[in-house]
Structures are given as structure tokens and as C-alpha cells.
Number of protein chains: 2
Amino acid sequence: MAMIRQPENFPETVKEVRRQLALSQEELAHALGVSFATVNRWENGKTIPSKLAQRQFEQFCKQKKIDPASGESSDKSRQDQAE
Amino acid sequence: MAMIRQPENFPETVKEVRRQLALSQEELAHALGVSFATVNRWENGKTIPSKLAQRQFEQFCKQKKIDPASGESSDKSRQDQAE
DNA sequence: CACGCCGCATAGCAGATGTTATATTGTCGG
DNA sequence: CCGACAATATAACATCTGCTATGCGGCGTG
């Protein structure tokens, strides 16, 4: 029985990932190939991402070396905001 | 009225790719992470794929070394269809 | 032939998404 | 304080997608 395992709270996860990368909702949306409204709805719990969107998001996180499951980047390669 | 630029005919492209890989609509759908109905609608021109879906499809083609633009695999690495 | 199975086409409904528009909030400079 | 601006929240409408069910034709088996 495969329980689809959605991160229990997708909204926070998205916000967290976005914050770690210092991206606006619009920028993240563009990076994922979806619209701003979609990311906004995800973060505010208005909708749940499609399989494709979930896949894309996870792939994006991997690519960016971010762990969506945890609340932290967890690795030491922080480039942080050198401004 | 959007002059969105699609591969001139997405329906044929999908059919062609699917045929080259000898996949059923259901199998391709699963490989792409969408439903059978969606692939079926694409092939029959009922709907146009979302950005995400287009992206996934193109990525799938690259991964499978198939050129969606042409009607042929174009390369010699054919896995046969010895059946 | 009758039956079941598979691949495909189609339809309806609910939910997700894209687009556009409007409102709110916070920040910055005057 | 006021205005301008960016980022965000929200809404409405059209389209796409997921799911389910149905129908059709082909194919093999009894």
C-alpha cells in the first residue's frame, strides 16, 4: 500500500526551501516551470501540487542540494548572503 | 489567442515517440508521471500540455535519446524490436 | 460462437494550474 | 508623513489534469 508520502506539510517546506535560496515566489515559480500563483497557493495551502509538480520540486531541491525533509540546509556549503 | 509556440503538432510527436519506444499510452503516461487520460488527450489534440508537462516530455525524450522534432530516432542505437 | 482481456477513444466531474487583476504589507527615499 | 516600489495574498475565469466509467475493435482461448 503505497501511501503517497507527501511531506506532511508542503507549504512550510516550500517556504523553507525558497528562503534558503533567497528566492521570491515568482523566481521559484520560474525555476520550477510553474506560475507565481501556483507557488503562492502551495505556500498558503490553497492547493496541493500535482505529481508532476511534486516531482519537479523534489528534483529542484536535489539539484540545489537542499533537503526538503529537514528544516535546514544541513550541509556546510553555505554561500549565504555575502552582501 | 495566444501565440504560444508549440511543436507544430504535439499529437503526432507524442505518438511517434511512443511508437519508437513501443509503449502503450498508459506506460508512457506512467513514465512521464501523468495519467493515461492526459497522454490520450495529447495524442488526440483535446488538450495542450502544461509547461511542466512539456518540460517533462522533452526531458524524457532526451533521456531516451529520441528527438521529438524529427520523426525518426536518427541514431543507430536502436534497441531492436525483434518481436 | 461466446467470453474475457487489452489498447484506445471519449465523456463528466472535481481539483490543480495559468492568467489577470486587485488589495495588503513592508521598505526605502523624499 | 507621503509616495513609489517590491513581495505577497487573494479572487475570478479559462484551461489542463486525475479519476472513473463507458464503448469500440482486435485477439486469443475455451
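Per chain, numbering begins at 1; letters A, B, ... match sequence-line order. Here the structure is a predicted model, which means the values were calculated and not measured.
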What's the CG-C1' distance between B/L32 and D/dC16, to the nearest Å? 15 Å

Taking atom CD of B/E27 as the centre, does the number of heavy atoms from other residues, nucleotides or ligands within less than 6.0 Å exceed 12? yes

Position toward the 5' end of DNA chain C (nearest nucleotide), B/Q25 or A/A53: B/Q25

Under 4.0 Å from OP1 or OP2 of D/dC16: is there any side-chain N or O of B/W42 that close? no

Which pair of non-hydrogen atoms, one from A/L52 and one from B/A53, has the smallest distance, and what is that distance? CD2-CA, 3.6 Å

Atom-to-atom span, CG of A/L23 to C1' of D/dT8 - whole angstrom: 15 Å

Tell me: CD of A/E26 to C1' of D/dA7, nearest whole Å? 9 Å

Flag side-chain contact, heavy atom, 4.5 Å: A/W42 against A/L32: yes

CD-NZ distance between B/Q56 and B/K51, expressed to the nearest 0.5 angstrom: 16.0 Å

Can you tell me if the side-chain N/O atoms of A/N44 get under 4.0 Å from OP1 or OP2 in D/dT10? yes

Taking heavy atoms of chain A and a 4.0 Å limit, find me the 5'-most and 3'-most nucleotide of DNA chain C within that range. C/dA16 to C/dT19

When the distance from NE2 of A/H30 to C1' of D/dT8 is rounded to whole Å, what number comes out? 19 Å

Which heavy-atom pair separates B/L21 from B/K64 by the least distance, and what is that distance? CD1-CG, 4.0 Å

Test log, rule side-chain hydrogen bond (donor to acceptor under 3.5 Å, both in side chains), inputs B/Q20 and B/E16: CA-CA 6 Å; B/Q20 285 181 26; B/E16 187 54 35; 3.1 Å; yes

Would you check if A/T47 and A/T38 make a side-chain contact, meaning some heavy-atom pair closer than 4.5 Å? no

For residues A/L28 and A/F60, determine if any side-chain heavy atom of one lies less than 4.5 Å from a side-chain heavy atom of the other. yes

I'd like a table of atom pairs between the protein and nucleotides 18-21 of chain D - only N or O on both sides, under 3.5 Å - with the distance next to each one.
{"from": "D/dG18", "atom 1": "OP2", "to": "B/S35", "atom 2": "N", "distance (Å)": "3.0"}
{"from": "D/dG18", "atom 1": "OP2", "to": "B/S35", "atom 2": "OG", "distance (Å)": "2.9"}
{"from": "D/dG18", "atom 1": "OP2", "to": "B/T38", "atom 2": "OG1", "distance (Å)": "2.2"}
{"from": "D/dG18", "atom 1": "N7", "to": "B/R41", "atom 2": "NH2", "distance (Å)": "3.3"}
{"from": "D/dG18", "atom 1": "O6", "to": "B/R41", "atom 2": "NH2", "distance (Å)": "3.1"}
{"from": "D/dC19", "atom 1": "N4", "to": "B/R41", "atom 2": "NH2", "distance (Å)": "2.9"}

